[in-house]
Amino acid sequence: MIEIELDGKKVDIAEGSTVMHAAEKAGTFIPHFCYHKKLSIAASCRMCLVDIEKMPKPMPACATPVTQGMIVHTKTEKAIKAQQSVMEFLLINHPLDCPICDQGGECQLQDIAVGYGGTSSRYQEEKRVVEVKNVGPLISMQEMTRCIHCTRCVRFGQEIAGVMELGMSHRGEHAQIETFGGRTIDSELSGNMIDICPVGALTSKPFRYSARTWELSRRKSISPHDSAGANLIVQVKSNRVMRVVPLENEAVNECWIADRDRFSYEALNGDDRLGEPMIKQGGQWHAVDWQTALEYVANGLKKIGSEFGASSIGALASPHSTLEELHLAVKLMEGLGSGNIDYRMRNAEFPLAEGVRYLGSSIASLSDLQSVLVVGSDVRKDHPLFAQRIRQAARKGCAVSAINASRHDWAMPVAQLVQASADQWVTALAAVAAAVAAEKGCSAPTSVETNDMSVAIAKSLVIGERKAVLLGNGAAHHAQASSLLALSQWIAEQTGASFGYLTEASNTVGAQLVGAQPAPGALNAGQMLQGALKAVVLLNTEPEFDSAPAAKAVEILGKAQMVVSLSPFKANMAFCDVMLPVAPFTETSGTFVNAEGRAQSFHAVVQPLRDTRPAWKVLRVLATMLELPGFDFDSSQDVLKSISGLTAGDAVYVVPERLNNATKALIHLGGPAATPVVASIYQLDGIVRRAPVLQLTADARSVQAQEIAA
């Protein structure tokens, strides 16, 4: 540690730190624009100039390393005059359009100008103008005249997103930030550029001119999409979600969110929302009140149960549902005498539950891995926030290896890639295990020949201390998922690595925790989707898009006597008989359990749309009408408290003992060759699918083009 003096205070700071780091530790504010704690040092704005004794000129705090005994002044006349001069320079060309700027009210330049700007300018020349650029449906570059060339957006692309989509062209007065060759900004993390822009140069296209920042109420929430469990600030005006931005949580999402977390809110205000219960009669849909709809469902379930038995009733639940909703869905099926409930609609294999499958380590630990093997995942698109953490590790020398059906651009160096069809993944992973066995001098779990690639992967996993074997969505949905897990377990045991799943949805871990899987002898999702049920309850899911049978599921479910859809949207209309409007995550309280097993509760941020009701309340009332015991809950918090394996308090966490990736499954090299079903980045769930702006992105268009070609 090094001791320096900062504005008369002694500060201990690690060697190699900068004056800016010392100021942050001491709680001293130094004005800045180009500096960002997650990005490399650029020292381009010069706003952080400070007075350091024995140095003839003011020095940039962000780029000046601390030395023992250094004496720094941030409030002397020398420092303040330097900062004021920089501010005057920055405002020479900056347009004075704060009243119409979307960044107005949350603009660093605006805030710092109050303290360091003058009341008038000495420059009377015309301000420069930068040409308007169109870079896609998410980010607006209409006002690049405001840009102060801090290069935060450029560095974000290079260092966090992994793709340099923006750069600076020309020099001097003609310098400007732009894409090259007229390209669009297509990164799945691109929206973060809006947040880190310190002026109003980069703004949100969907939010543009829709509200002023001081009109918005800010409420905390959790992302309902992938398994990162990103912490959000949902901004609301007049009971309408207007914008979503990240809430910093260093252990989970740092200060970033994926574009689907940021822009999917458009679906919550869309025309496809279901606002009142509806019943299909004579092939026509009719709006009814809640009492009528729930009585219709209760009577139908009773009749089918008495005529065909409880085993003819089942539930298919989305792992994007809250912990409370899934728990009550399980209790409802149990109360009816049926064990038919499952969330694994995209799976091809349905092994008996051995434990609650999860990441196998903390999310934060991904940033410090020294080697990692990813099996069956396009991690960049499936899990953007996990990918950026692995990207951080790769920048520090982590050896990234992959076994995949195709070569994906992960925007990071991949040291070894085994490109093999899905039916060869088990053999490819077994070859890695055999190579590990040769390195360790032990017996291999299977007799498979090694090759140069498997040996290279094995060597990367044997050396070092921090390593992981991660199974992606493709591996989880694989027809030989148990063998892949068993091989991963063996490799992890021999190399000292962690192993686990990059779980698919916001509550995949939670669904396992509350037992949203079939009881022994009951029907799994695959069997239910083959027409084995007379009555089906669908919770927040659309089998046409969320299941392995896909379009065939429409035909199969259409033959059931009763299909009940609980969804925020007009979903499953082709085959269901009753549609019950339930609240999306913004209109209900609940809990999601992310990939690392961190349970995060949230509250509703807006009132439910029209007659929409939280799904946990709908399930509770339905159970009461069916005269089932054990549903006396007054709030979602009461439901949460009734779930075993959780501790409730200021924070809620899954008991670690419940999280277990250990398996007793045997390894089978031969087996079914079904291609795993993996949802594309903007088709993951019903909310993302209905977000118009996300469906205009390059990622969405490429998938649409593939579907047309097929």
Side-chain angles (χ1 to χ4, degrees), residues 219-234 244 247 249 251-253 257 261 268 315 317-332 341 343 356-359 362-363 385 503-517 539-541 566 568 582-606 608 612-620 630-659 684-687:
R219 293 158 189 173
K220 298 178 183 178
S221 192
I222 304 296
S223 168
H225 306 304
D226 64 38
S227 58
N231 289 211
L232 310 176
I233 294 290
V234 181
V244 175
L247 172 63
N249 186 331
V252 180
N253 57 297
I257 56 175
D261 301 328
L268 305 174
S318 168
H320 299 277
S321 304
T322 68
L323 200 65
E324 294 81 355
E325 292 164 1
L326 290 165
H327 178 57
L328 293 188
V330 172
K331 283 177 62 68
L332 178 67
I341 183 169
Y343 74 92
V356 175
R357 306 308 193 201
Y358 76 117
L359 185 62
S362 68
I363 291 173
L385 295 177
T503 55
E504 178 180 38
S506 59
N507 213 16
T508 299
V509 175
Q512 299 171 75
L513 186 73
V514 298
Q517 299 177 68
L539 177 60
N540 284 320
T541 188
L566 283 74
V582 297
F585 78 107
T586 51
E587 298 170 19
T588 184
S589 54
T591 304
F592 292 134
V593 185
N594 70 2
E596 69 177 353
R598 181 186 297 260
Q600 301 180 103
S601 294
F602 56 92
H603 298 286
V605 299
V606 292
T612 299
R613 297 290 181 270
W616 72 265
K617 285 188 178 181
V618 175
L619 293 168
R620 182 199 65 187
F631 284 83
D632 300 326
F633 303 111
D634 294 326
S635 67
S636 64
Q637 287 78 15
D638 289 343
V639 180
L640 184 65
K641 290 175 184 176
S642 72
I643 301 173
S644 61
L646 293 177
T647 54
D650 294 335
V652 183
Y653 299 98
V654 175
V655 174
E657 290 77 12
R658 299 289 304 277
L659 304 173
L684 183 62
D685 59 76
I687 297 177

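In what follows, every heavy atom counts, from backbone to side chain, and hydrogens, waters and symmetry copies are set aside. The shown structure was predicted, so the numbers you read here are calculated from the model rather than taken from an experiment.
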Q: I would like to know whether Leu640 and Ser601 meet side-chain contact (heavy atoms from CB on, under 4.5 Å); could you show each step before the answer?
A: CA-CA 9 Å; Leu640 184 65; Ser601 294; 3.7 Å; yes
Close side-chain approach of [X] and [Y], heavy atoms under 4.5 Å:
| X | Y | result |
| --- | --- | --- |
| Thr508 | Ser227 | no |
| Phe592 | Thr322 | yes |
| Leu684 | His320 | yes |
| Gln600 | Asn249 | yes |
| Thr541 | Tyr343 | no |
| Asn540 | Pro568 | yes |
| Leu232 | Lys220 | no |
| His603 | Gln637 | yes |

Atom of [X], atom of [Y] and distance for their closest heavy-atom approach:
| X | Y | value |
| --- | --- | --- |
| Gly515 | Ile341 | O-CG2, 4.3 Å |
| Asn231 | Asn253 | N-OD1, 3.1 Å |
| Leu323 | Val514 | CD1-CG1, 3.7 Å |
| Thr588 | Ala583 | CB-CB, 4.0 Å |
| Ile363 | Val252 | CG2-O, 3.6 Å |
| Thr503 | Tyr358 | CG2-CA, 4.3 Å |

Q: Start with the C-alpha gap between Asp261 and His225, add the side-chain angles, then the distance that decides, and say whether side-chain contact (heavy atoms from CB on, under 4.5 Å) holds.
A: CA-CA 7 Å; Asp261 301 328; His225 306 304; 3.4 Å; yes
Distance, nearest 0.5 Å, that separates [atom1] of [X] from [atom2] of [Y]:
| X | Y | atom1 | atom2 | answer |
| --- | --- | --- | --- | --- |
| Leu539 | Leu326 | CG | CG | 6.0 Å |
| Leu332 | His327 | CG | NE2 | 12.0 Å |
| Leu619 | Lys617 | CG | NZ | 13.0 Å |
| Leu659 | Leu513 | CG | CG | 7.5 Å |
| Phe602 | Ile222 | CZ | CD1 | 7.5 Å |
| Asp685 | Ser506 | CG | OG | 7.5 Å |

Q: Only counting residues at least two apart or in another chain, list the ones meeting side-chain hydrogen bond (donor to acceptor under 3.5 Å, both in side chains) with Asn594.
A: none
Q. Which residue pairs satisfy the salt bridge (Lys or Arg N to Asp or Glu O under 4.0 Å) criterion with at least one member in residues 224-233, sequence neighbours excluded?
A. Asp226-Arg260
Q) Would you say the side-chain atoms of Ser636 and Ser589 include a donor-acceptor pair closer than 3.5 Å? A) yes
Q: Give the C-alpha distance, both sets of side-chain angles, the deciding distance and a yes or no for side-chain contact (heavy atoms from CB on, under 4.5 Å) between Val605 and Phe585.
A: CA-CA 9 Å; Val605 299; Phe585 78 107; over 6 Å; no
